[in-house]
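Below is one structure; the comments refer to it alone.
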Amino acid sequence: MTSILLPRPDDWHLHLRDDEMLSAVAGYSAKRFRHALVMPNLRPPITSSADAAAYRARILDQVDEGSSFVPLMTLFASSELDLEDLRSGSESGVVKAVKFYPPGATTNSDQAKGSLGSLHELMEVLVELDMRLLVHAESTDPDVDVFDREAKFLDRQLAPVCERYPELKVTVEHVSTAAGVDFVNAHPQVVASVTPHHLARERGDLLASGMKPDLFCKPVINSASDRAALVAAATGGDSGFFLGTDSAPHTSTAKYAPTVAAGIFNAAYGLEVVAEVFHRAGAIDNLGAFVSVNGAAVYGYEPSDEQIRLTRVESRDVGESKLVTAIGDVVMFGVEEAAHWIVEPV
Ligand code: DOR
Ligand code: ZN
């Protein structure tokens with residue numbers, strides 16, 4: 001029987017939403033993870049250190065007392081960011097990073113203003129503050145095929161920025177292709193978060209036997225060979241790749257609609273999904289590096305002193321497969337994998 005101990009993991013890419021949804025989902029992340037890097041794509045987005053501090057307080061209000069969960073906050077990049085405020089948010093510790101979304105690429109990114117290449121003053125301040133730029137790497141050029149969006153964005157938009165600002169530290173979020181893995185490997189200033197769903201599914205799962213809204217996310221889950229490249233990068237122990245669940249809850253009303261909302265709720269079972277990927281790859285000994293060590297080092301932390309135990313079993317009754325919230329149900333990703341794993345604090 002496989003049983004391993006790991007330092008308490010961190011989630012380096014998380015959507016917690018607000019109001020009723022925040023209150024329904026926050027406990028799942030707080031139970032599992034030490035830190036979570038919280039994405040700013042609310043409506044309106046988080047664009048100031050005061051917004052970030054207030055949002056952090058609303059998150060902590062939803063977490064059990066005694067929990068050691070720490071939300072780390074990000075700002076939504078735009079040409080209108082107040083750079084003095086960014087400096088003070090960095091100094092006070094309330095702002096950990098800035099996230100760039102291409103306008104129109106994903107949930108609420110229609111609020112973004114300006115291309116990556118136009119944000120020169122912001123890049124200069126990020127370098128000065130030694131603060132990471134988080135990038136949603138998708139070209140929204142209508143001439144680019146949806147499965148090539150990541151590769152084209154990296155080539156056309158991120159590569160010139162890396163060249164111009166070699167000291168800028170960049171995280172390619174939810175890397176989803178072999179081209180993305182190659183890009184990270186070719187650029188020492190760039191690392192990547194990787195999601196459970198991009199590691200565990202391929203586009204055939206999304207599209208081949210009836211389209212599955214619950215597997216629709218951005219960037220869209222790509223080909224089998226892309227998935228293989230992600231699994232090799234994540235399981236190989238390379239310090240430039242680490243877990244970001246990109247847990248992004250939407251109600252089933254929003255998912256089963258003519259225009260399907262992008263996002264997968266995997267705060268509940270994402271860790272089990274990743275454990276199963278590592279188990280099947282024969283790389284369970286590298287799981288701790290991926291979920292508890294590599295990302296922590298990138299964001300300036302030692303691994304947690306707390307530990308969790310993961311034990312693989314033939315099968316167990318998972319119980320919950322759907323989250324019931326005040327605004328509708330949310331389908332949980334990874335129930336099949338969760339049936340093989342018991343996760344417990346030590
Ligand atoms: O699938 C996604 N959902 N990708 C993103 O980049 C955003 C997220 C969300 O906020 O729903
Ligand atoms: Zn995301």
Side-chain angles (χ1 to χ4, degrees), residues 10-19 21-22 24-26 29 33 36-46 55 59 71-77 96-112 116 132-140 146-147 149-150 153-154 171-177 180 192-201 203 205-206 211-222 242-257 259-267 270 273 295 323 325 327-328 330-334:
D10 299 305
D11 182 352
W12 295 109
H13 185 129
L14 176 65
H15 300 269
L16 284 172
R17 316 302 193 202
D18 218 336
D19 306 313
M21 190 63 92
L22 168 62
V25 301
S29 296
F33 296 99
L37 195 54
V38 180
M39 295 299 123
N41 61 330
L42 303 184
R43 204 155 201 104
I46 302 295
Y55 186 30
I59 294 167
L72 301 169
M73 310 312 290
T74 62
L75 299 188
F76 192 94
K96 187 70 189 170
V98 171
K99 173 78 183 281
F100 173 79
Y101 288 94
T106 188
T107 310
N108 294 341
S109 65
D110 55 304
Q111 304 171 107
L116 187 63
R132 241 168 217 285
L133 176 70
L134 317 178
V135 179
H136 182 111
E138 274 198 86
S139 169
T140 50
V146 69
F147 293 109
R149 284 175 143 208
E150 182 170 276
F153 181 94
L154 294 173
T171 303
V172 170
E173 297 295 340
H174 36 58
V175 64
S176 64
T177 57
S193 63
V194 195
T195 76
H197 42 282
H198 289 102
L199 286 171
R201 302 288 185 272
R203 63 194 183 199
D205 299 312
L206 169 69
M211 204 275 278
K212 307 278 191 322
D214 291 316
L215 287 182
F216 180 64
C217 63
K218 300 302 290 297
V220 71
I221 291 174
N222 221 303
F242 48 84
L243 176 65
T245 66
D246 199 13
S247 183
H250 292 276
T251 63
S252 293
T253 312
K255 295 294 283 177
Y256 308 153
T259 300
V260 176
I264 292 178
F265 176 58
N266 60 21
V273 172
L323 172 65
T325 83
I327 53 170
V330 179
V331 169
M332 294 177 167
F333 176 71

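Residue numbers count from 1 along this sequence. These numbers come from a predicted model, not from an experiment. Just the heavy atoms: all of them, side chains too, but no hydrogens, waters or symmetry mates, feed the values below. Just so you know, ligand 1 is whichever comes first in the structure, and atom 1 is the first atom listed for that ligand.
- Among the backbone and side-chain atoms of Asp246, an N, O or S atom lies under 2.8 Å from the Zn ion (ligand 2).
- Of all atoms in ligand 1, numbered sequentially from 1 with element shown, those under 4.0 Å from a heavy atom of Thr107 are 3 (N), 8 (C), 9 (C), 10 (O), 11 (O).
- Atom numbering of ligand 1 starts at 1 in the shown order; those under 4.0 Å from a heavy atom of Ala262 are 1 (O), 2 (C), 3 (N), 8 (C), 9 (C), 11 (O).
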Check against side-chain hydrogen bond (donor to acceptor under 3.5 Å, both in side chains), Asp11 and Thr245: CA-CA 6 Å; Asp11 182 352; Thr245 66; 2.5 Å; yes
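- Look at Glu173 and you'll find every heavy atom at least 4.0 Å from all atoms of ligand 1.
- The closest approach of His13 to the Zn ion (ligand 2), by N/O/S atoms, is made by NE2.
- Using 4.0 Å as the threshold, His13 has no heavy atom nearer than that to any atom of ligand 1.
- Ligand 1 has no atom lying under 4.0 Å from any heavy atom of Met39.
- In summary, His15 places an N/O/S atom under 2.8 Å from the Zn ion (ligand 2), meeting the contact criterion.
- If you number the atoms of ligand 1 from 1 as listed, the ones under 4.0 Å from a heavy atom of His174 come out as 6 (O).
- Formation of a donor-acceptor pair under 3.5 Å by the Asn108 side chain with backbone atoms of Asn41 is found in this model.
- Looking at Tyr256, its side chain never comes within 3.5 Å of a backbone N or O of Asp214 through a donor-acceptor pair.
- Residue contact annotation: His174 places no N/O/S atom under 2.8 Å from the Zn ion (ligand 2).
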